[in-house]
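Worksheet for the structure shown next.
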Protein chains: 2
Amino acid sequence: MDNDELVSECVKSARPRERIIDTAQLLFRKHGIRGVGVDAIAEAAGTNKMTLYRHFGSKDELIAECLRETARGADPFWRDLEDNFPGDPLAQLHEWVRAVATYASMEAGGCDLVTAAFELPEPDHPARLVVEAFKHDQRQRLIALCRKAGIKEAEKLADTLGLLLEGARVNRRSVGPDGPSARFVMLAEAVIASFSAAGKVETKGKKVAEGV
Amino acid sequence: MDNDELVSECVKSARPRERIIDTAQLLFRKHGIRGVGVDAIAEAAGTNKMTLYRHFGSKDELIAECLRETARGADPFWRDLEDNFPGDPLAQLHEWVRAVATYASMEAGGCDLVTAAFELPEPDHPARLVVEAFKHDQRQRLIALCRKAGIKEAEKLADTLGLLLEGARVNRRSVGPDGPSARFVMLAEAVIASFSAAGKVETKGKKVAEGV
DNA sequence: TCCTGACGTTACAGATCGGTAACATGGGCG
DNA sequence: CGCCCATGTTACCGATCTGTAACGTCAGGA
């Protein structure tokens, strides 16, 4: 509560609206969504409560907008994946493992969307719609990637990797960065290897090329 | 906030202290730890705020005590595992998968300990000590079980299963019971199978008997 | 120039929060 | 009986919360 003013110093945006969203994301991560009030957000963003309420009708709307902004951040992630390994979905899959592990070990760490789902138990909260849509979208993308990579049981591998990742993030959040979450890359690679082997056994004789 | 009085009807305990803990656990699950006040807990428990504060010095202490109580609930779980399949650690491992999946699909669902870790970001909160100790204990138990079951890379399998489980719980919490979390048993069994195969390949020629 | 619209400032409402003080009550036990 | 201790009751404190009203200020465009 003391150094939150400094937080806003890292947020240099012209428009108050962007400053508020950026600052709110930082403060939500630090103190929890319910642990920070709109007054503190506005002040840390270098503005005031009235301006905040003129842009976002309520705190719940601000929360939802912050989550939408966070969710939009995943798009360049997938674009980079495709750009860095064009036409090589298996390499993209391995890079996905490495990249999400790197992202999960940052201070942003635990996915803001999941954190919000934990902090807001009301089933009809506007933020829940954002979370569900995001999770569904990410799952579909990962399934498609596994399928293009020639994995036979693509859904199964994608769900295993997805649950492993969420587990690693939540574990890191509850027991710190030195727990089992530190082994995520190794565990995920082992799972991919086992699914790849199974896939090749089953598709023996057939061309592996399914994607690409 | 309206039907929380009925909640207390399910809690028939003689002593106010137990009633308060049981009621607090229910309300924390329903509204979140930060979403329910001590007054509401006391009233729903059929007592009053003063009695609550005489038993637990603060809300934070009550939270920690609730988590300790929840953590104690895992002991009979492991005892049943040993009692139902005595001397058969591999069967115990498969039963572990089935049992935790059943538990995770109940309304208690998302582990209260993890939820608390998400809701209480302060790193020195007394509840965090309980969470970390519990998670460490569960991990050690699962590693020991895998080892006794003859798995060669016991730690690796235990961590994979642990992260899968935590991922399934958090996924269920964020996208509901019809997401990938519904496939936890299948995914976990596939992982066990792959580790069992790897273990047998590597220990080929040696006696498999290591535990028991 | 003037006007409009975004933004800042102050004050306030109504509710709820965690936590405490003072006192009444009532049952078990010597 | 008389005492004690756990519990119930009421009132209160100061702080904080979301959200609103009224009124300045100021830059930029027609």
Side-chain angles (χ1 to χ4, degrees), chain A residues 1-5 8-9 11-24 27-28 30-67 116 119-122 124-127, chain B residues 1-5 8 11-25 27-28 30-67 116 119-122 124-127:
Chain A
M1 193 189 286
D2 22 287
N3 53 351
D4 285 349
E5 194 69 36
S8 72
E9 300 300 324
V11 179
K12 299 288 187 193
S13 180
R15 320 290 291 178
R17 182 188 162 89
E18 281 73 22
R19 287 202 315 257
I20 291 173
I21 289 186
D22 295 343
T23 307
L27 294 186
F28 286 161
K30 213 192 278 188
H31 308 290
I33 292 179
R34 300 176 111 137
V36 54
V38 288
D39 236 337
I41 296 173
E43 188 187 0
T47 176
N48 51 55
K49 195 165 55 169
M50 267 320 298
T51 301
L52 187 149
Y53 272 100
R54 278 191 279 249
H55 279 285
F56 316 91
S58 67
K59 183 185 181 181
D60 288 336
E61 246 326 295
L62 171 62
I63 296 169
E65 195 56 39
C66 285
L67 296 187
E119 285 199 83
L120 309 170
E122 307 107 89
D124 55 346
H125 194 285
Chain B
M1 193 190 287
D2 21 285
N3 52 352
D4 285 349
E5 194 69 36
S8 73
V11 178
K12 298 289 186 193
S13 179
R15 320 290 291 177
R17 183 189 160 89
E18 280 73 21
R19 287 203 315 257
I20 291 173
I21 290 186
D22 294 343
T23 308
Q25 287 178 322
L27 293 186
F28 286 161
K30 213 192 277 187
H31 308 290
I33 291 180
R34 298 176 113 138
V36 53
V38 287
D39 239 337
I41 296 174
E43 188 187 359
T47 176
N48 50 52
K49 194 164 56 169
M50 267 319 298
T51 300
L52 188 150
Y53 272 101
R54 277 191 279 249
H55 280 286
F56 315 91
S58 67
K59 184 184 181 182
D60 287 336
E61 249 323 298
L62 171 62
I63 296 169
E65 195 55 41
C66 286
L67 296 188
E119 285 199 84
L120 308 169
E122 307 108 88
D124 55 347
H125 194 286

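So you know, we letter chains A, B, ... as the sequences are listed, proteins then strands, and number each from 1.
- Heavy-atom minimum distance, B/Ala127 versus B/Leu67: CB-CD1, 3.6 Å.
- Remark: B/Lys59 in residues 59-66 of chain B come within less than 4.0 Å of DNA chain C through at least one heavy atom.
- B/Ile41 contributes atom CD1, which lies 9.5 Å from atom CZ of B/Phe56 (distance to the nearest 0.5 angstrom).
- With sequence neighbours left out, A/Asp39 forms a side chain to side chain contact (heavy atoms under 4.5 Å, CB included) with A/Lys49.
- Remark: P of D/dT16 and CD1 of A/Ile41 are 16 Å apart, rounded to the nearest angstrom.
- Between the CZ atom of B/Phe56 and the C1' atom of C/dT20 there is a distance of 18 Å, rounded to whole Å.
- Looking at every heavy atom in both residues, A/Leu62 comes nearest to A/Ala24 through CD2-CB, 4.2 Å.
- What separates CD1 of B/Ile20 from P of D/dA6 is a distance of 14 Å, to the nearest Å.
- Atoms CZ (B/Arg34) and P (C/dG18) sit 11 Å apart, rounded to a whole Å.
- Residue A/Asp39 contributes atom CG, which lies 16 Å from atom P of D/dA15 at whole-angstrom precision.
- Mapping B/Arg17 and A/Val38 onto DNA chain D by nearest heavy atom places B/Arg17 closer to the 5' end of the strand.
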Audit row: B/Glu122, A/Lys30, salt bridge (Lys or Arg N to Asp or Glu O under 4.0 Å) steps and yes/no:
CA-CA 8 Å; B/Glu122 307 108 88; A/Lys30 213 192 278 188; over 6 Å; no

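- Within residues 47-55 of chain A, the residues having any heavy atom under 4.0 Å from DNA chain C are, by residue number, A/Thr47, A/Asn48, A/Met50, A/Thr51, A/Arg54, A/His55.
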